[in-house]
Amino acid sequence: MEKSFTYVGIDISKLTFDIAIFQSGKYQYYKFENETKGFKAFLKLLSASDCCVMEASGPYYLKLACFLFDKAIAVSVVHCERSAAEWSNL
């Protein structure tokens, strides 16, 4: 059986992370603190059919990725150099 996901884009930095999530027919944008308090607030927006996609930017993504994984939310971490090379081949 295939799973169908709604993808949630995450741009993460040392202090904050920004997300784009498709809700009510359009993308909504939110900003959270890159710490447990922000992770919990973000989790309230998610459902079991969401997949969070983020760039592997230094060490900043790791705590959020692990938090989401522990909460059974699908997570995809993309290495920026590899994804740019793959896109250039299209």
Step through the shown structure and confirm whether more than 12 heavy atoms of other residues, nucleotides or ligands are within 6.0 Å of OH on Y30.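 Count over threshold, so yes.
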Going through the checks in order, is the side-chain contact (heavy atoms from CB on, under 4.5 Å) test met by F42 and F67? CA-CA 11 Å; F42 174 44; F67 175 87; over 6 Å; no
Out of curiosity, [X] [atom1] to [Y] [atom2], how far, rounded to the nearest 0.5 Å?
| X | Y | atom1 | atom2 | result |
| --- | --- | --- | --- | --- |
| I21 | Q28 | CD1 | CD | 9.0 Å |
| K37 | E35 | NZ | CD | 6.5 Å |
| F39 | N34 | CZ | CG | 4.5 Å |

Under a 4.5 Å side-chain heavy-atom rule over Ile, Leu, Val, Met, Phe, Trp and Tyr, are [X] and [Y] clustered together?
| X | Y | answer |
| --- | --- | --- |
| V75 | L62 | yes |
| L46 | F22 | no |
| V53 | I12 | no |
| I73 | V77 | yes |
| L43 | I19 | yes |

I want to check something: taking the side chain as every heavy atom from C-beta on, are [X] and [Y] in contact at a cut-off of under 4.5 Å?
| X | Y | answer |
| --- | --- | --- |
| D50 | L45 | no |
| C52 | L64 | no |
| Y61 | I10 | no |

Can you name the nearest heavy-atom pair linking A20 to Y29, along with the distance?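 That closest heavy-atom pairing would be CB-CE2, 3.5 Å.
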